[in-house]
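When reading the values below, keep in mind they use all heavy atoms of this one structure, side chains included, and skip hydrogens, waters and symmetry mates. Numbering of ligands and ligand atoms starts at 1, following listing order.
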Amino acid sequence: MDSEFYRSIAHESSWCEVSKTAIRANVEILRRRVGEGVILGIVVKSDAYGHGLIPCAQEFLKAGADWLIVNFAYEAIRLRQAGIEAPIYVCGNVSAAQVAMLAEYDGIRIALYDADVARAAAEAAQRTGHVIPVHILIETGTHRQGLVTEEALQLAKLVSQLDGISLEGIATHYADIEDTTDHRFAHQQLTRLQEAEQAFRQAGFDLPIVQSANSAATILWNQTHAAMVRVGIAAYGLWPSKETYAKVLQTFADRGEGFIPNLQPVLSWRARVVQVKAVPAGGYVGYGRTFRAAYPMKIAVLPLGYHEGYDRRLSNLGYVIINGMRAPVCGRICMNMFMVDVTHIPNVQVGTVATLLGSDGEERVSAEQLASWMGTINYEVVARIHPSQPRYLVETELAPDSQPLLASSIS
Ligand SMILES: Cc1ncc(COP(=O)(O)O)c(C=O)c1O
């Protein structure tokens with residue numbers, strides 16, 4: 001751990017470290033996977049999966065990403081207001097009112113499945129002079145956003161009749177690619193997208209971009225790359241699931257170890273001890289008195305809780321790392337505090353740094369480990385770290401082998 005860095009942020013009680021080194025390594029892995037001719041779109045929605053929108057967007061672009069992908073209009077506007085000029089694709093719902101705001105900026109394309117939004121986009125684009133490229137979403141089996149091919153063709157016809165918007169592509173999103181190693185349903189979805197593409201071309205539409213690949217598809221199947229991929233979780237160095245990892249091991253077993261991406265987790269989360277106290281044998285710790293000391297203990301108090309994103313389900317279950325050793329959570333996670341057992345850890349004092357997510361010495365807490373304790377997925381663990389936690393860009397050493405998931409969660 002870099003003590004000079006920690007001295008420089010002495011005023012912070014808890015924070016996240018975002019590794020530029022890991023971002024560069026992940027972008028390089030993804031670029032190698034898709035090749036030079038494919039648009040590498042990195043999904044930075046939801047505050048860059050909790051990693052911090054603007055700094056991450058800038059680092060991804062510096063590292064060689066081509067496009068940024070967000071869910072909401074306001075996220076695209078934040079990127080432009082920060083001076084980021086790269087192409088942006090808004091993949092979530094954009095209302096007629098919001099599209100008028102997007103038209104104030106250049107190079108923001110939207111996912112489209114609504115004729116009223118198409119008309120509003122055209123009207124706004126004619127007013128501002130910024131053409132809005134649109135990607136019509138094709139319903140292939142997720143039933144979340146999108147139109148069946150016949151309706152999509154009608155919408156494309158409308159788009160072609162309107163000034164100010166242009167059909168740039170079609171897109172879909174896979175329903176069942178992370179949760180299973182049986183990818184027949186996802187393959188059916190890809191086939192449906194390819195059939196839609198054929199129908200569009202037969203109807204005379206030019207389609208520069210057909211896109212479907214999220215992280216799992218990008219890593220597993222070259223045939224989904226087409227002109228563009230939309231990679232989220234893998235860019236942050238996390239595997240979409242243990243099933244994806246298992247499938248990669250299975251699929252590429254004969255290609256050698258070099259073909260298994262060594263994804264590098266980007267985010268670490270740390271906090272300072274704010275109090276160290278003795279608890280006598282028989283003393284309780286925290287709300288509900290759910291923890292009782294069986295022998296005299298030393299407890300450290302950490303100044304964050306479920307409001308900051310350290311989930312209450314980690315009560316009496318998780319551990320943090322202090323001075324390279326595990327410090328188990330004692331009692332319930334409070335709204336802005338929790339307590340850990342440091343009886344066995346030397347030199348713990350006010351100001352000592354605890355690692356909630358990430359590595360310290362030989363020990364590591366992974367997003368997958370936290371997710372398994374919380375009954376959720378690694379996506380939610382990082383995406384829910386509260387914006388109050390400052391994100392600092394740092395350089396780090398690369399992990400020689402990222403071993404994405406702990407043995408306990410992959411078995
Ligand atoms: C439409 C769309 N594309 C791509 C992604 C990226 O998925 P992943 O993080 O699994 O790469 C998401 C994430 O939820 C999404 O909603």
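In terms of polar-atom proximity, defined here as any N/O pair under 3.5 Å, Cys91 makes no such contact with ligand 1.
If you number the atoms of ligand 1 from 1 as listed, the ones under 4.0 Å from a heavy atom of Ile233 come out as 8 (P), 9 (O), 11 (O). Counting atoms of ligand 1 from 1 in the listed order, those under 4.0 Å from a heavy atom of Arg144 are 1 (C), 16 (O). Less than 4.0 angstrom separates some heavy atom of Glu178 from each of these atoms of ligand 1: 10 (O). With ligand atoms numbered from 1 in the order given, ligand 1 contributes 6 (C), 7 (O), 8 (P), 9 (O), 13 (C) to contacts under 4.0 Å with heavy atoms of Tyr49.
For atom 10 (O) of ligand 1, the closest heavy atom belonging to the protein is Tyr379 OH, 2.6 Å. Of the protein's heavy atoms, Arg230 NE, 2.8 Å lies nearest to atom 3 (N) of ligand 1. Looking from atom 7 (O) of ligand 1 to the surrounding protein, the closest heavy atom is Asn214 CB, 3.5 Å. Here the protein heavy atom with the shortest distance to atom 12 (C) of ligand 1 is His173 CE1, 3.6 Å. Looking from atom 11 (O) of ligand 1 to the surrounding protein, the closest heavy atom is Ser215 OG, 2.5 Å.
For the side chain to side chain contact (heavy atoms under 4.5 Å, CB included) test, residues two or more places apart in sequence or in another chain that qualify with Thr172 are Thr140, Leu193, Ser212. Applying the side chain to side chain contact (heavy atoms under 4.5 Å, CB included) rule to Val131 yields the partners Ser166; only residues at least two apart in sequence or on another chain are considered.
Residue contact check for ligand 1: Lys45 places a non-hydrogen atom closer than 4.0 Å to it.
Here Pro240 has no heavy atoms under 4.0 Å from ligand 1, in either its backbone or its side chain.
Aromatic ring pairs are classed by plane angle as parallel below 30°, tilted from 30° to 60° and perpendicular above 60°; the pair His386 and His307 is tilted. By the 30° and 60° cut-offs, the orientation of the rings of Trp221 relative to His183 is perpendicular.
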